[in-house]
Every structure is written in structure tokens, then in C-alpha cells.
Amino acid sequence: MPELPEVETVLRGIQPHIEQQCIKNVVVRQYTLRWPIPRDLKQKLLGNVIIQVERRAKYLLLKTHTGTLILHLGMSGKLRIIEQHTKQQKHDHFDIEFDNQKTLRFNDPRRFGACLWVEENPLLHPLLKKLGPEPLHKDFSGKYLWQRAQNRKAPIKTFIINSQIVAGVGNIYAAEALFLAGIHPDTPAAILSLQQYNQLAKQIKSVLRQAIKRGGTTLKDFLNSNGEPGYFENQLKVYGRAGLPCKHCHSILKTMRIGQRASVFCEQCQQL
DNA sequence: AATCGCGCCTGACGGC
DNA sequence: TGCCGTCAGGCGCGAT
């Protein structure tokens with residue numbers, strides 16, 4: 001499930017193949033993703049050049065002179081760079097073909113992903129305009145989190161996967177950062193100290209940087225733009241390890257549902 | 001304003 | 001073998 005490090009990995013993989021390249025064809029096979037792919041996508045993209053590829057939260061922004069293609073991988077989306085005329089597989093929903101003979105192909109079994117076209121500033125799009133700060137940016141800090149947490153009754157786990165608080169942190173890295181910070185995931189956000197938030201912000205940054213360095217986490221189905229897995233999963237301390245011994249204290253890791261999501265934690269290392 | 005729960009969707013897996 | 005229920009989950013949305 002792609003979170004910020006996986007999306008960043010995809011960005012770095014596709015960027016050198018598509019930046020400054022002209023789009024010579026677009027093939028859409030499945031228009032119904034999370035939101036419909038615009039019917040006139042081909043018309044909008046044809047002859048256009050991708051001038052820059054950026055990431056905001058888990059969104060990829062492919063900028064052209066006339067507008068921006070906003071892509072989201074949802075739960076199971078994959079973007080691959082392939083040679084043209086590579087045989088299509090199940091759930092290959094659209095292709096963008098370039099003059100350099102490369103094709104950007106989007107595959108998404110669960111179809112929670114998105115492909116949108118905007119002609120105005122993409123950061124002002126309703127999906128992006130309310131996003132909180134990028135966690136790796138310097139304006140994301142313990143003090144910021146602590147200030148936003150005042151009067152919040154939601155569990156800290158729910159608080160940090162809220163994209164309006166901080167962008168791009170999902171279930172995997174929230175669980176990991178809370179473990180590393182020694183904070184129980186069910187703690188009400190408002191009762192944590194500034195000191196704890198400083199530690200949490202530090203660990204969020206650290207775990208995201210480490211994961212990017214290793215090309216992301218492959219648990220079920222994440223593959224980068226070359227079709228290769230990420231190598232962060234063996235670094236995971238708690239996510240996906242319920243029932244196994246804690247790597248730190250060896251007590252058995254527990255799981256609970258917080259905000260409809262499985263949350264793995266260590267009762268010894270993360271006390272309420 | 002904050003929070004809750006639903007729905008979208010497919011594949012994997014366990015039980016019978 | 002096959003069928004059915006459950007789970008996984010990012011994230012917007014409507015209801016409270």
C-alpha cells in the first residue's frame with residue numbers, strides 16, 4: 001500500500017523517463033477509478049510535454065504547459081515505465097506513450113487510485129488544498145503537532161494519519177513512528193506533551209527517510225516503476241508483526257482497531 | 001469544528 | 001473444487 005516513501009520511490013523511478021518528453025498517445029481502458037478519468041484526457045495530453053514531476057503528499061503531479069495530471073495510487077496502484085507494445089495485463093487501466101518510446105502504464109486492481117486533470121494551480125484543487133505540511137519539510141515539527149493537538153480527543157494514531165494534520169503518513173509509518181517514539185497508539189492526542197511530540201515528529205521524519213532510502217516497503221503488492229520490490233519491510237518493527245515478539249523487548253506485539261484500522265504496538269515499549 | 005462510520009474495489013485466505 | 005464471508009485499507013463524504 002503506497003504511502004509517502006513508496007510514492008516518492010515511484011516519482012524517482014518515472015521522472016528520468018518522462019520529464020521533457022512529449023506525449024504521443026494515450027490509451028484508456030478503464031475510466032472508472034475512484035473518480036472517473038476525464039473522457040477528454042487524450043485530447044488534453046496529446047502533444048503536451050511533461051515539464052516537471054512533483055509529489056505532494058501521496059499525489060503525483062505531472063506538469064505540462066496547459067495543465068497538470070494528478071495521479072494517486074490508492075491502495076494497490078502501480079505505475080510502471082515499460083517499452084511500448086508490452087503486452088497488457090489485467091487491471092492495466094491506462095497508458096501514456098511518449099516520443100522516446102517509453103510508456104507510463106497505470107495498473108490498479110482495487111481501483112482506489114485516481115487520474116485527474118486540472119488546468120489551474122493543482123495545489124488549489126479541493127483534494128490538495130487542505131493537506132497539512134509535508135512531514136519531511138522543516139515546517140513540520142513537534143511544536144506544530146502539539147499546537148494542532150490541543151483539544152483533540154482522537155487517538156494519536158488517528159491524528160497522525162489525518163492528512164490535514166500531516167500529509168502522506170499512512171497506517172504503516174504511523175505504527176512505526178509511534179513505536180519508535182514509545183507512544184501508545186490509543187493515547188488521546190491532546191494529552192501528549194510537547195516533548196513527546198518532538199520525539200514523534202523526529203521519528204516520523206526518520207522512518208520516512210529510511211524507507212525512501214530503501215525504496216519503500218513491499219508487503220503485499222508494492223513494486224517500483226521497474227517492477228522491483230522495496231526493501232524496507234525487514235526494517236519494520238511492528239507493522240504486520242502482530243503476535244510476533246517485539247524486536248526491542250521480546251514481548252508479544254498486540255493489535256487493536258483504532259479508527260477502523262489495525263494498529264500493531266508493543267504494550268511494554270508503548271505505554272498509555 | 002471534530003469525529004464517526006460508510007463505501008468504493010479486488011484478491012487472498014480460512015472454513016465448510 | 002467451489003462458494004461464501006472476512007479482511008486489507010486511502011480517503012472523501014454525509015451524518016452527528
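None of these values were measured; they are calculated from a predicted model. Proteins get letters first, then strands, A, B, ... in listed order; numbering begins at 1 in each.
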[X] has an atom [atom1]; how far is it from atom [atom2] of [N], in whole Å?
X	N	atom1	atom2	value
A:Leu73	B:dC8	CG	P	22 Å
A:Leu4	C:dG10	CG	P	13 Å
A:Glu3	C:dC11	CD	C1'	13 Å
A:Ile160	C:dG10	CD1	P	12 Å
A:Gln164	C:dC11	CD	P	12 Å
A:Asp92	B:dT10	CG	C1'	15 Å
A:Gln89	B:dT10	CD	P	17 Å
A:Asn171	C:dC11	CG	C1'	13 Å

Discussion item. For a side chain to side chain donor-acceptor pair (under 3.5 Å) check, start with the C-alpha distance between A:Gln235 and A:Lys213, then their side-chain angles and the critical distance, and finish with the verdict.
Written reply: CA-CA 12 Å; A:Gln235 311 290 317; A:Lys213 197 180 285 182; over 6 Å; no

Discussion item. Closest-nucleotide mapping onto DNA chain B: is A:Gln260 or A:Arg148 further toward the 5' terminus? I mean the 5' end.
Written reply: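 It is A:Arg148, whose closest nucleotide lies nearer the 5' terminus.
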
Is [X] close enough to [N] that one of its side-chain N or O atoms is under 4.0 Å from OP1 or OP2 there?
X	N	value
A:Lys90	B:dG11	yes
A:Lys58	C:dC11	yes
A:His91	B:dG11	yes
A:Tyr239	C:dG9	yes
A:Arg110	C:dG10	no

Worksheet entry | Centroid distance under 5.5 Å and plane angle under 30°, A:Phe112 vs B:dC8 |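 Yes, aromatic ring over the base.
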
Worksheet item: Can a donor-acceptor pair under 3.5 Å be found between the side-chain atoms of A:Arg34 and the base atoms of B:dC9?
Response: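 Such a pair does not exist between side chain and base.
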
Discussion item. Which nucleotide wins on minimum distance to the side chain of A:Arg111, given the candidates B:dT3, B:dC9, C:dG10?
Written reply: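 The listed nucleotide nearest to A:Arg111's side chain is B:dC9.
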
Fill in: Taking every non-hydrogen atom, the tightest pair across A:Leu208 and A:Pro135
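Closest pair (atom of A:Leu208, atom of A:Pro135, distance): CD1-CG, 3.5 Å.
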
Worksheet item: Name the one of A:Leu104, A:Asn25, A:Leu45, A:Ile82 that satisfies side chain to side chain contact (heavy atoms under 4.5 Å, CB included) with A:Glu97?
Response: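 Only match with A:Glu97 under side chain to side chain contact (heavy atoms under 4.5 Å, CB included): A:Asn25.
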
Discussion item. If you assign each of A:Arg257 and A:Arg261 to its closest nucleotide in DNA chain C, which residue comes earlier from the 5' end?
Written reply: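 Of the two residues, A:Arg257 wins.
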
Worksheet item: Which part of the nucleic acid, if any, lies within contact of A:Ile161, taking any heavy atom under 4.0 Å across all strands shown: a base, the sugar-phosphate backbone alone, or nothing?
Response: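 The residue A:Ile161 makes no contact with any strand.
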
Practice prompt. Using a 4.0 Å heavy-atom cut-off across all strands, classify A:Phe159 as base, sugar-phosphate, or nothing.
Written response: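 No contact.
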
Worksheet entry | Step-by-step salt bridge (Lys or Arg N to Asp or Glu O under 4.0 Å) determination, A:Glu3 to A:Lys58 | CA-CA 6 Å; A:Glu3 297 187 28; A:Lys58 300 173 191 171; 5.1 Å; no

Worksheet entry | Test item: side-chain donor near acceptor, A:Lys90 and A:Asn107, under 3.5 Å |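 Checked: A:Lys90/A:Asn107 side chains show no N/O donor-acceptor pair below 3.5 Å.
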
